[in-house]
Protein chains: 2
Amino acid sequence: MVNTDRLRQITDAVREAGSLGVGDLAALTGASEMTIRRDLETLAAQGVLERFRGGARSLLVRGEEPPFALRAQEGVEAKRRIAADVAGLIADGETVVLDSGTTCLEVARALRGRRITVLPLSLPAVNALADGPGRTALLVPGGRPRPGEGALTGPLTLASLAALRFDTAVVGCCGLTAEQGLTAYDLDDAAVKQAAIRAAQRTVAVADGAKLSRTAHAFVAPAGALHTLVTDATAPRSEIAALGAAGVAVRTV
Amino acid sequence: MVNTDRLRQITDAVREAGSLGVGDLAALTGASEMTIRRDLETLAAQGVLERFRGGARSLLVRGEEPPFALRAQEGVEAKRRIAADVAGLIADGETVVLDSGTTCLEVARALRGRRITVLPLSLPAVNALADGPGRTALLVPGGRPRPGEGALTGPLTLASLAALRFDTAVVGCCGLTAEQGLTAYDLDDAAVKQAAIRAAQRTVAVADGAKLSRTAHAFVAPAGALHTLVTDATAPRSEIAALGAAGVAVRTV
DNA sequence: TGTTTAAAACACAATCGATGTTCGATATGT
DNA sequence: ACATATCGAACATCGATTGTGTTTTAAACA
């Protein structure tokens, strides 16, 4: 794996300045220009930025989420703890639909080898569960993987969800407040989350604390639709209280 | 990757003897017992053999195909050549459904970055196409991945295929003769292949020479249903002639 | 055509993965 | 229940792969 810190540095710097030259980035990061070019190639493949002769310009709009590969590195500790707690909420023999996103990917890793049936809604989660020991029954939904993200969306995904029922849906989110409910950045993604919640008897939301004071563009479900929320200690107390009042069982790990 | 030669050696030895002890296998391969145990764990996860205290017994029945991980290593050269030829048969802008199997996996690699739409019917092929440059439109079918193989089968897969139409189907096979047609080892797999052929206007079969004198258990389609066959120089001439007479355009690479 | 930038080829270094050894835990047989 | 054998975990080591830098060659822009 390439140096993630440097990729993040480049992403931030280019977003900040709008566009930057290869030489500037080399000076900023201390790496050689060749390495910068390879990094730009990587980031361009993720849709983070666009290359032009001499440098690159950012494609990230203010308010949009950073790319998957970078998000996956942030707050790994908290995500692992959240994932472990969620795994404890799942009983053997259950059928589970598992949302896309970095936190849910950690949940997938925590569920490896468990004697359950899982339908993961993203390719990284599928891969995390695919080559494990044979006790886990794995189902793959159809869909179009979003570049970089691997999140499966579209009519095929919705059709797969419409054909199935689950005991538990584990959904991630981009924003969650008691007032605005659960929200996502991507419209297609939001539709998939809705279908997942609809197909399951119980909905467990996962969200690190930063998500709880944020609202994204696409509405998914009111807070009352969630049975349980697993979050971490950085979550604002007022929001936890409000969600509790809305009927959500909040677990702080 | 672990030493594939040793895995093959173990697989063959255990199949030959029915069951063998860890010490015997260590002596045979020259590896330590710990390594043998790790190998047995790997092979057991692939369904090749069953472990018991002190050794392992084979689960491979005569006539069944060896596990995916081992097949993928055999005749790589020929498969690459076949795959390259198939890639040449696909025009830009086409929609393609790509079967499971090791040869089709090579086709997936040969198609990376091409400006086409692909629906791969196995997880390894999905992964081979997933992180490539963004020009390839990737669709994932639903289904249950077969352990070790990653081939997607079952109702979700058939439903995905029923909802789509393609210009070209690239199908692998376990056996192919002019008389018996295209055959597969697995019934579910055969059903998927049938659906793929039905969903496509043109069917391109890929098969190394060894397949052309073999017949597997599950019938998929008569030879006449194939428009093109890409095989290698080891294919028996008589069979090539018979397939040609059945209306198949045979390409030998 | 001259200059700058990108890409390819090669060399080096750091990291990761596979293998082996040791040791404690567990199962088997008498 | 005890003795013995086997298994799995932890650690160390070796080798291979991958990332990085440098140099050279090709391509793009003025």
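Note on naming: letters A, B, ... go to the chains in the order of the sequence lines (proteins, then strands), and numbering restarts at 1 for each one.
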With sequence neighbours left out, write down each residue that passes salt bridge (charged side-chain N to carboxylate O under 4.0 Å, His left out) with Arg8(A), or none if nothing qualifies.
Asp12(A), Glu74(A)

Listed partners of Asp188(A) passing side chain to side chain donor-acceptor pair (under 3.5 Å), at least two apart
none

With a 4.0 Å cut-off, would you call Arg202(A) and Glu94(A) a salt bridge?
yes

How many Å lie between CG on Leu7(B) and C1' on dA18(C), as a whole number?
12 Å

Separation of dA18(C) P from Ile36(B) CD1 (nearest whole Å):
15 Å

Interatomic distance, Asp39(B) CG vs dC7(D) P [rounded to whole Å]:
13 Å

For nucleotides 23-30 of chain C, just jot down a letter per nucleotide in 5' to 3' order: B, S or -, based on protein non-hydrogen atoms under 4.0 Å.
---BBS--

Between P of dC29(D) and CZ of Phe52(A), the distance in whole Å
12 Å

Anything under 3.5 Å between a protein N or O and an N or O of nucleotides 9-14 of chain D, put it in a table, one pair a line.
none

So that I can tick it off, tell me whether Glu106(A) and Arg109(A) are bridged by a salt bridge, with the cut-off set at under 4.0 angstrom between side-chain N and carboxylate O.
yes

So, using salt bridge (charged side-chain N to carboxylate O under 4.0 Å, His left out) as the criterion, who are the partners of Asp208(A) when residues are at least two apart?
Lys211(A)

With sequence neighbours left out, the residues meeting side chain to side chain donor-acceptor pair (under 3.5 Å) with Thr11(B) are none

Can you name the residues that form a side-chain contact (heavy atoms from CB on, under 4.5 Å) with Ala184(B), not counting sequence neighbours?
Cys174(B), Ala190(B), Lys193(B), Val220(B)

d(CG, Leu20(B); P, dT6(D)) in whole Å
14 Å

Which nucleotide in dT5(C), dG20(C), dC7(D) has an atom nearest any side-chain atom of Arg37(B):
dC7(D)

Classify the nucleic acid contact of Gly55(A) as base, sugar-phosphate or nothing, counting any heavy atom under 4.0 Å across all strands shown.
sugar-phosphate

Does OP1 or OP2 of dT19(C) have a side-chain N or O of Thr35(B) closer than 4.0 Å?
no

Table please: side-chain donor-acceptor pairs of residues 86-93 of chain B below 3.5 Å, with sequence neighbours left out.
unit_1: Asp92(B); atom_1: OD1; unit_2: Arg114(B); atom_2: NE; d: 3.2
unit_1: Asp92(B); atom_1: OD1; unit_2: Arg114(B); atom_2: NH2; d: 3.3

Please report, to 0.1 Å, the donor-acceptor pairs under 3.5 Å made by any side chain of residues 19-32 of chain A, with sequence neighbours excluded.
unit_1: Asp24(A); atom_1: OD2; unit_2: Gly21(A); atom_2: N; d: 3.3
unit_1: Thr29(A); atom_1: OG1; unit_2: Leu25(A); atom_2: O; d: 2.8
unit_1: Thr29(A); atom_1: OG1; unit_2: Ala31(A); atom_2: N; d: 3.3
unit_1: Ser32(A); atom_1: OG; unit_2: Thr35(A); atom_2: N; d: 3.3
unit_1: Ser32(A); atom_1: OG; unit_2: Thr35(A); atom_2: OG1; d: 3.1

Mind jotting down which residue pairs meet the salt bridge (Lys or Arg N to Asp or Glu O under 4.0 Å) criterion with at least one end in residues 47-56 of chain A? Sequence neighbours excluded, please.
Glu50(A)-Arg57(A)

Using salt bridge (charged side-chain N to carboxylate O under 4.0 Å, His left out) as the criterion, list what pairs up with Arg37(A), not counting sequence neighbours.
Glu33(A)

Of Glu33(B) and Glu33(A), the one whose nearest nucleotide on DNA chain D sits closer to the 5' end is Glu33(B)

Expressed as a whole number of angstroms, how long is the span from Leu40(B):CG to dC7(D):P?
8 Å

Can you pull out how bent the helix from dT1(C)-dA30(D) to dT30(C)-dA1(D) is, comparing the axes over its first five and last five pairs, to 10°?
50°

